[in-house]
Amino acid sequence: MTFIKKTPTPLAVVAGGWLLAGSLHPLAAHAETTVTLPGLSIEDTAEDTPMGERPLSASSPSTIDRTSARLSSPDAASLFRNQPGVSTYAAGGLAALPVLNGMADDRVATVVDGVRIASGCPNHMNPALSFIDPDSVDTATAIAGITPVSMGGDSTGGTVDVERRDPQFAKHGRILVTGHVTGTYRSNGGGYGASGSLTVANDMFSLRYNASYAQAGDYSGGGDAGTVRSTSYLTYNHAVTFGMHKDNHLLALTFGQQDTPHEGFANQYMDMTNNRSTFVNGKYVGTFDWGTLEARGYWQREDHAMDFLPDRQKTTHMPMNTNARMAGYSLKATIPLGERHTLRLGSSFDHSGLNDWWPPVAGSMMMGPDTYHSINNGHRDRLGHFVEWEAAWTPRVSTLLGFRNDLVMMNTGPVSGYSSTPSMMSNANIAAANAFNATDRGRTDVNFDVTALVRWKPRRDLSIEGGYARKTRSPNLYERYAWGRSAMVSSMINWFGDGNGYVGNPDLKPEVANTASVTADWHDPDGDRWDLKIQPYYTYTHNYVNAQRLAAASNGFYTLGFVNHNAQSYGINGSGNYRLWQNTRFGRGEIVANINWVRGQDLTNGAALYHQMPTNGSVAVHETWRNWTGRVEMTFVKAKDSVDWVRNEPRTPGYALLGLGGQYHWRYMTLDASIDNVLNQKYELPLGGWSLADDAATGTLRALPGMGRSFNVSLTASF
């Protein structure tokens, strides 16, 4: 029996058209025109090679600080921390939602293992990235704005794509046994967890088991902010991957389940009291004489429940249940057309079915005597096709041109409120249900996307990329079909954390975003001593789905209705690194920095767009010496004074946070340690919304505080 040590694969992040790390995609750069599956025969001292499409790129890669992100949070969204153009807005401890160049949530196509997972919750408590733990992620890619049509449609802000590692195989005649186990502790909130994997394989078959566990209590805010209620969580993940490899063909099947018994949501009126997901995901990759074929299929079931966690100090309950069923396929063919041209063709179908019902509460006049049906047998089906052409005209000039069509079909059944008996508390919802049931609720959108990119390398130290994208997104089920009009029931429809209630609009039109962007990349022509990237961008969105006030609520918030407006957003992202020293005595030291600025405006009412991150950036010094690596990092965020007055978005002061971290590796053991918010700085999350759980318990409303000082440590054993 031969034991083969595995080495971790670096993550990949692409932002706004430039490549930032690791696993590459044919965006923003000249890629190899012929894609082949790497051989899987492994030398005893070599890293196993995953199969799949890995085009080369002329861009200069840099590495994500994967360890520090994973140490700070068990949320896969943390992998994108401090990446240009990428931010997240707070939800639960496992469910932050990505924001790309000011575009958030459903405007971002979030894909896990090739599956576009829709959130089956009126508060979006179970977004796609919450279904995979960071330890299982092999590659993580974020592309803002100008996204290749081959990476999906039905989005306007970009694409976030994370993938598990492909199956590993042994050299012919050998047996591969490899894996790792990790334990993690975080002092703030008393968080701890464990994760690991085990692979057993020969040269044809592979079997891998992944598991993870994470738990934490409510965290403490910085300074004198005190405990932030409804920030605790508990979750378990299990996945089994079977792989089969024969010549230039790979088949992988993953079966998994996630169970989250509870997760607090500080900026929502509700908490998650159970979420169970079961999934099957299949992938085939094969190389033929004519090119490469990738086929995927999936099925997923989500059962989700909401109520109040005890720390809200509620004396009543309000159960809310949803179940979602998703299934679909995708096909993608990559066909070389000579040495300089590549054609990609693809087709995909995604079905999302949803039931959302709220059982009656015994003894409650407001929440009974019947079951409230929010979404009854709703479905959202998307059929898409694309064609994409990549061409390398000269060694200095390459282009990418793609067209995509998506047919989005939506409908839902008749609904009903808590009561059909007229009264002061039920009249508004009775009238709304009757009007909703009397209408034709079926909607079909025919969406069209186009992406055009050109890359030019005028000099060895400079590359320039410019592009245009027309991207289209259809509304989600709640934006069209949330029908309740009373303040209480509408406040349950909210994935923004702003304290307001939302009413759907069946007549919403799809958003159409037109984005133009230019990226300039200056770099060391003779190595990796320095690199500087600058990217300005502009987006005009026709029929942007925004909100208008319908009525004031008694708690100072509003009932809002979804409506189409026109909007614009623009900004600039910058990143750079410079090698300070590299020698045998002091190792390697480098400084890494980034800065992001974005502004968004509703052109109909003049308000700022919601969830726009204020100017922010980070500066870090990284040092690598023998088996030790370390970092000192400062994160800066300007005061948020450009807010959406329609939603009563909170203003937040600026702040600066100091972080420290280090890693030591010896033989098969790796020790990681970090301190977040070293000075225990008090600050409020600019995209965190209102701390509604604290308001429920204390009667004091405040913006959601950020986490105070936390000492983090993890130990990994690999074999």
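Met270 places none of its side-chain heavy atoms less than 4.5 Å from the side chain of Phe265. Annotation: side chain of Asn437 is in contact with side chain of Val415 (closest heavy-atom distance under 4.5 Å). Inter-residue side-chain proximity for Pro359 and Asn321 is flagged as met; some heavy-atom pair is nearer than 4.5 Å. Between Ile375 and Asn355, the closest side-chain pair of non-hydrogen atoms is not below 4.5 Å. Residues Val503 and Phe562 have side chains not in contact (no heavy-atom distance under 4.5 Å, counting atoms from C-beta outward). The shortest side-chain heavy-atom distance between Arg702 and Pro650 does not fall under the 4.5 Å cut-off. Side-chain atoms of Val160 and Leu100, non-hydrogen and from C-beta on, do get closer than 4.5 Å to each other. Residues Thr541 and Met103 meet the side-chain proximity criterion, which asks for heavy atoms closer than 4.5 Å.
Classification of the Tyr502-Trp495 ring pair by plane angle, with boundaries at 30° and 60°, yields parallel. A perpendicular orientation is assigned to the rings of Phe496 and Tyr610, their planes being inclined by more than 60° (bins at 30° and 60°).
Side-chain atoms of Asp154 come within 3.5 Å of backbone atoms of Ser474 as a donor-acceptor pair (strictly under, hydrogens ignored). Listed for the Arg443 side chain is a donor-acceptor partner under 3.5 Å among the backbone atoms of Asp440. Side chain of Thr88 to backbone of Leu97: no donor-acceptor contact under 3.5 angstrom is found. Side chain of Arg380 to main chain of Pro475: a donor-acceptor pair is present (N/O by atom type, distance under 3.5 Å, no hydrogens or angles). The backbone N or O of Cys121 sits nowhere less than 3.5 Å from a side-chain atom of Asp356 that would complete a donor-acceptor pair. Between the side chain of Lys640 and the backbone N or O of Gln612 there is at least one donor-acceptor pair closer than 3.5 Å. Counting only distance, with no hydrogens or angles, the side chain of Arg549 and the backbone of Thr559 share no donor-acceptor pair below 3.5 Å. Counting only distance, with no hydrogens or angles, the side chain of Ser491 and the backbone of Met488 share a donor-acceptor pair below 3.5 Å. With hydrogens and angles disregarded, a donor-acceptor distance shorter than 3.5 Å links the side chain of Asn564 to the backbone of Lys509. In this structure, the side chain of Asp271 does not engage the main chain of Gly264 through any donor-acceptor pair within 3.5 Å.
In this structure, Ala128 and Val112 approach most closely via the heavy-atom pair O-CG2, 3.6 Å. Closest non-hydrogen pair, Leu704 versus Ala90, comes out as CD2-CB, 3.8 Å. What you find for Ala295 and Leu331 is that their closest heavy atoms are CB-CD2, 3.5 Å. Scanning all heavy atoms of the two residues, the minimum distance from Gly499 to Asn494 falls at N-ND2, 3.8 Å. The two atoms that bring Ala266 and Thr231 nearest to each other are CB-CG2, 4.0 Å, heavy atoms only. Ala607 approaches Asp644 most closely through the heavy-atom pair CB-OD1, 3.7 Å.
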Steps toward side chain to side chain contact (heavy atoms under 4.5 Å, CB included) verdict (Thr260, Tyr233): CA-CA 8 Å; Thr260 303; Tyr233 56 81; 5.7 Å; no

Steps toward salt bridge (Lys or Arg N to Asp or Glu O under 4.0 Å) verdict (Arg296, Glu163): CA-CA 13 Å; Arg296 293 180 184 261; Glu163 293 262 2; 2.9 Å; yes

Ser150 and Glu388: CA distance, side-chain angles, deciding distance, side chain to side chain donor-acceptor pair (under 3.5 Å) verdict: CA-CA 7 Å; Ser150 56; Glu388 188 173 81; 3.0 Å; yes

Step-by-step side chain to side chain contact (heavy atoms under 4.5 Å, CB included) determination, Gln568 to Gln601: CA-CA 5 Å; Gln568 65 177 359; Gln601 183 183 23; 3.4 Å; yes

Derivation and outcome, salt bridge (Lys or Arg N to Asp or Glu O under 4.0 Å), residues Arg229 and Asp311: CA-CA 6 Å; Arg229 291 171 176 81; Asp311 58 358; over 6 Å; no

Derivation and outcome, side chain to side chain contact (heavy atoms under 4.5 Å, CB included), residues Met318 and Trp358: CA-CA 8 Å; Met318 185 180 177; Trp358 311 348; 4.0 Å; yes

Trp483 and Tyr372: CA distance, side-chain angles, deciding distance, ring pair (Phe, Tyr, Trp, His ring centres under 6.0 Å) verdict: CA-CA 11 Å; Trp483 58 273; Tyr372 184 97; 4.9 Å; yes

From CA spacing to verdict: side chain to side chain contact (heavy atoms under 4.5 Å, CB included), Val512, Asn543: CA-CA 7 Å; Val512 179; Asn543 289 326; 5.6 Å; no

Verdict with reasoning, Arg647 to Asn546, per side chain to side chain donor-acceptor pair (under 3.5 Å): CA-CA 10 Å; Arg647 288 180 163 94; Asn546 213 335; 2.8 Å; yes

Ring pair (Phe, Tyr, Trp, His ring centres under 6.0 Å) between Tyr89 and His611, intermediate numbers included: CA-CA 8 Å; Tyr89 72 85; His611 274 150; 3.8 Å; yes

Residue pair Asn376, Thr412: steps toward the side chain to side chain donor-acceptor pair (under 3.5 Å) verdict: CA-CA 6 Å; Asn376 182 27; Thr412 185; over 6 Å; no

Test side chain to side chain donor-acceptor pair (under 3.5 Å) applied to Asp113 and Asn281, step by step: CA-CA 8 Å; Asp113 287 338; Asn281 193 332; 4.5 Å; no

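Stacking of Arg473 on the aromatic ring of Tyr544 is not recorded, the 6.0 Å distance cut-off and the 45° axial limit not both being met. Both tests do not hold together for Arg599 against Tyr570: distance to the six-membered ring centre under 6.0 Å, angle to the ring axis within 45°.
If you check the side chains of Asn123 and Tyr478, you find no donor sitting under 3.5 Å from an acceptor. Using modelled atom types and a 3.5 Å distance limit, the side chains of His385 and Asn405 yield no donor-acceptor pair.
Of the inter-residue distances, the one linking Leu354 atom CG with Asn377 atom CG reads 9.5 Å to the nearest 0.5 angstrom. Taken from CZ in Arg382 to CG in Asp445, the straight-line distance is 12.0 Å, to the nearest 0.5 Å. Rounding to the nearest 0.5 angstrom, the gap separating the CG atom in Leu560 from the CG atom in Asn500 is 4.5 Å. How far CZ of Arg470 is from OG1 of Thr156: 12.0 Å, rounded to the nearest 0.5 Å. Here CG of Asp370 is found 6.0 Å from OG of Ser419. Values are rounded to the nearest 0.5 Å. One distance of note links NE2 of His379 with CE of Met410; it measures 9.0 Å at 0.5 Å rounding.
For Met366, the CE atom is loosely surrounded, since the number of other residues' heavy atoms within 6.0 Å does not exceed 12. The 12-atom threshold is not exceeded at CZ of Arg485, counting heavy atoms of other residues, nucleotides or ligands nearer than 6.0 Å.
Here the options are Arg276, Gln257, Met326, Arg325, the test is side-chain contact (heavy atoms from CB on, under 4.5 Å), and the partner is Arg301; only Arg325 passes.
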